[in-house]
Amino acid sequence: MDIVRAHVLLVEDNPDDAELLAESLTAAESVQVKIENVPTARDATRLLAEKDFDLILLDLALPDSEGLDTLSRIRAQNPYIPIIILTGVNDKALAYAAARAGAQDFLIKGRVEQDTLERSLRYALERARIEQELRRHRNHLGEIVAQRTADLRDKSHLLEQEIAEHSLAVERRALLAAAIENANDAFVITACDGTVEYVNPAFERLSGYSRAELVGKNPRFWSSGEHEPAFYREFFDTITSGQSWHGQFINRRKDGSLVHCESNVSSVRDGRGKVLKYIQILRDVTEELKLREMIARAQRLESVGQLAGGIAHDFNNIVQAIMGYAELAQLTLPAANPVEKHIGEIQKAAGRAADLTRQLLAFSRRQVLKREPVAINDVISALMNMLSRLLRADIELDFVPGHHLGIVEADIGQLEQILVNLCVNARDAITGNGRITIETEHVLLNGEYVRTHPWARAGRFVLLSVSDTGCGMDSEVLAQAFEPFFTTKVEGRGTGLGLATVYGIVKQHDGFIHCYSEPGKGTTFRIYLPMSSRAARGVGPKIEAKVRGGNESILVVEDDEAIRDLVRDVLERAGYVVVTAPDGEEALRVCESGRTIDLVVSDVIMPKMGGLELHARLAERESRPPMLLTSGYTTRAIKPDLASMPDVGMLQKPYSSEDLLRSVRAVLDSK
């Protein structure tokens, strides 16, 4: 393939995108370019007036111009320089509009592979060369026509003019044929009966058949059987009536694999309107459709997560009141009271509701995490005995620890939750004898891997894999595996939140998860957790000290009256002096009244003024009390740097009276 040399103007204000495109073009094998980059349309206009360029790579979103106006400004000044559009959105309407406005191609930033960019650039330059050649010939033809009109009586000159026109037509057809031969899109020309008369090299690559195998044959071999007969009837009715057809075909390659094609079919007619041939243009959109499906699945999970998080937050307040008042009622009952058994059942039910809420919060990534640097092998080793007790005697559990693993910033309890959920799921998928294997290793994912695996992200990770020899999942089940309340287990065997919880925990730890599974061949979940440079802390049992009360003055700020009264009762029983407020504005007035307040216990989300705004207002005072914030949402969802504030504690709803008293005492003692 000949090397194409070109002077390229890159109009891009994002230095990272500009550098990435420049690197891709510099590394191209069949294109040798000189690149000049400017960040604005104004700079581009100035430079185009000063220098000659062969091609323009144009970002539609610039600081001084937006959308198709950017293209119009550049095209108006330079009507013949080929322009390739760069944009951050996949918008077909925008792509068609850009093409109508004169753009040669339309590329999505972040999805442009080097070979795609290279082909697009070669195609644009080749098309521009052909158009320039055609303009030259048209200009030349105009001159000849003018001369012919002036010298109409000179028959000799007229004959020469006719010969020139014929030569031009031959040359033009040769140019068009060359363009089709080198096009990225596949071209097929058939006779009226469907017999193939011509295919270009792109069609050979798309179908897997050679030109010799195709010409003279009917393209029925190309049919996949995936379309209904009505689809083909509508297709043939359209093209035989002389109309153009546009749509998608699912075809079958020579190797038997399926390929999704965007297709345009139009007819070629003679001067009387009779259809002579059909021309079909095809573009492979198989990978594009897969990517769209993956994006739609991720967006669906994100939407469901937002809904689950909102429901869980409101439900938390209800569970908090039930748990708290049941606990207080139990404390006030005389010994051996028969009602105590009923209260115990209420507490058990509330506990199950709290567990369900925590699972929903885990999926929606709104739970509170206590992240610390840990060695994941130590966490797994400490958990192996407990995991073994969860399994049946006919299931073997193996742990294959990786060597020289990096450290991860993680909540140990949530890592344990991931392992328990995956092992329980694996156990339920195994019938009879089986094996569950837990493995860890250090992996480096580069840009090439990410390009072929859209769910991944480049970087250094600790990879945690959990594999089983169970029944496996088909593609339809696998597509819904992480959705909340989706389960293939029999009724009563699961809530459908196990894998949804795992998904949420992994995402909240800035990692990602992928599942490989086939029916009858088992399942492997691979969890990638980003590595940290901090030293790991030891993993061992925690010994909680006995909770003690105090006599300090505490301001309780809570818009839910039931919870506000509950917290007041718990704190007063522990000896504290309690003042309450229904919102941040009233709490601010209490603090400004001159009353001594040793601690503010406040809900984060309240009408009028929430806990974070109250903290900011109190921070303006010379002497401010420390705060204990309560919420069902994660620290990161509330405020990313909340964990670094020395005068603020965090308590996740729903909490027990003991948790409340311990957290209150911890904040007070840290003053």
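Summarising the local packing, CZ of R621 is surrounded by more than 12 heavy atoms from other residues, nucleotides or ligands at distances under 6.0 Å. Atom CZ of R46 has more than 12 neighbouring heavy atoms from other residues, nucleotides or ligands inside a 6.0 Å radius. In this structure, E23 places its CD atom where more than 12 heavy-atom neighbours from other residues, nucleotides or ligands lie under 6.0 Å away.
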Please list, one pair per line, the donor and acceptor atoms closer than 3.5 Å that link side chains of residues 11-18 to other protein atoms, with sequence neighbours excluded.
unit_1 : atom_1 : unit_2 : atom_2 : d
E12    : OE1    : K109   : NZ     : 3.3
E12    : OE2    : N14    : N      : 2.8
N14    : OD1    : D16    : N      : 2.9
N14    : OD1    : D17    : N      : 3.2
D17    : OD2    : K109   : NZ     : 3.3

Output a table of donor-acceptor pairs, distance under 3.5 Å, between side-chain atoms of residues 589-598 and any protein atom two or more places apart or on a different chain; print 'none' if there are none.
unit_1 : atom_1 : unit_2 : atom_2 : d
R589   : NE     : E586   : OE1    : 3.3
R589   : NH2    : E586   : OE1    : 2.9
S593   : OG     : V590   : O      : 2.5
D598   : OD2    : S553   : N      : 2.8

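Judged by distance alone, with hydrogens and angles left aside, the side-chain atoms of N377 form a donor-acceptor pair with the main-chain N or O of G402 at under 3.5 Å. In terms of modelled atom types and a separation under 3.5 Å, the side chain of R624 and the main chain of L618 share no donor-acceptor contact. Side-chain N or O atoms of R457 include one that pairs as donor or acceptor with a backbone N or O of D510 at under 3.5 Å. A side-chain donor-acceptor contact under 3.5 Å links S670 to the backbone of V667. Looking at D583, its side chain never comes within 3.5 Å of a backbone N or O of P607 through a donor-acceptor pair.
Rounding to the nearest 0.5 angstrom, the gap separating the CD atom in E558 from the CG atom in D603 is 4.5 Å. Here CG of L60 is found 8.5 Å from OG of S65. Values are rounded to the nearest 0.5 Å. Atom SG of residue C423 and atom CG of residue L387 lie 4.5 Å apart, to the nearest 0.5 angstrom. Remark: I74 CD1 to D69 CG distance equals 11.5 Å, nearest 0.5 Å. Rounded to the nearest 0.5 angstrom, D659 CG and T630 OG1 are separated by 12.5 Å. Atoms CD and CD1, on E441 and I376 in that order, are 11.5 Å from each other to the nearest 0.5 Å.
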Q: Dump the intermediate steps for side-chain contact (heavy atoms from CB on, under 4.5 Å) on V379 and E416, then the final yes or no.
A: CA-CA 7 Å; V379 176; E416 293 173 343; 4.1 Å; yes

**Q.** side-chain contact (heavy atoms from CB on, under 4.5 Å) assessment of I513 paired with F525
**A.** CA-CA 7 Å; I513 181 172; F525 287 93; 4.1 Å; yes

(Q) Between F399 and L383, does the side-chain contact (heavy atoms from CB on, under 4.5 Å) criterion hold? Intermediate values first, please. (A) CA-CA 11 Å; F399 174 36; L383 195 66; over 6 Å; no

**Q.** Test log, rule side-chain contact (heavy atoms from CB on, under 4.5 Å), inputs V567 and V570
**A.** CA-CA 5 Å; V567 173; V570 171; 5.8 Å; no

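A salt bridge links R665 with E552: the closest approach of a Lys/Arg side-chain nitrogen to an acidic carboxylate oxygen falls below 4.0 angstrom.
D378 has its side chain out of reach of V374: every pair of non-hydrogen atoms, C-beta onward, lies at least 4.5 Å apart. Counting only heavy atoms from C-beta outward, the side chains of I407 and M531 never approach each other to under 4.5 Å. Between V601 and L629, the closest side-chain pair of non-hydrogen atoms is not below 4.5 Å. With contacts defined as side-chain heavy-atom distances shorter than 4.5 Å, the pair I527/L463 does not qualify. Contact annotation: the side chain of V502 approaches that of L422 to within less than 4.5 Å [non-hydrogen atoms, C-beta and beyond]. Side-chain contact between V600 and L614 is present, with at least one heavy-atom pair separated by less than 4.5 Å. Within the 4.5 Å cutoff, side-chain heavy atoms of V664 are placed close to those of L668. T40 has its side chain out of reach of T45: every pair of non-hydrogen atoms, C-beta onward, lies at least 4.5 Å apart.
Nearest approach of M606 to G584, heavy atoms of both residues: CE-N, 3.9 Å. Considering every non-hydrogen atom in both V557 and A587, the closest pair reads CG2-CB, 3.5 Å. Counting all heavy atoms, side chain and backbone alike, L628 lies closest to S663 at CD2-CB, 3.9 Å. The two atoms that bring T580 and V578 nearest to each other are CG2-CG1, 4.2 Å, heavy atoms only. Closest non-hydrogen pair, P39 versus P63, comes out as O-CD, 3.5 Å. Here the closest heavy-atom approach between residue D64 and residue R73 is recorded as O-NH1, 3.2 Å.
A centroid separation of less than 6.0 Å is found between the aromatic rings of F512 and F461.
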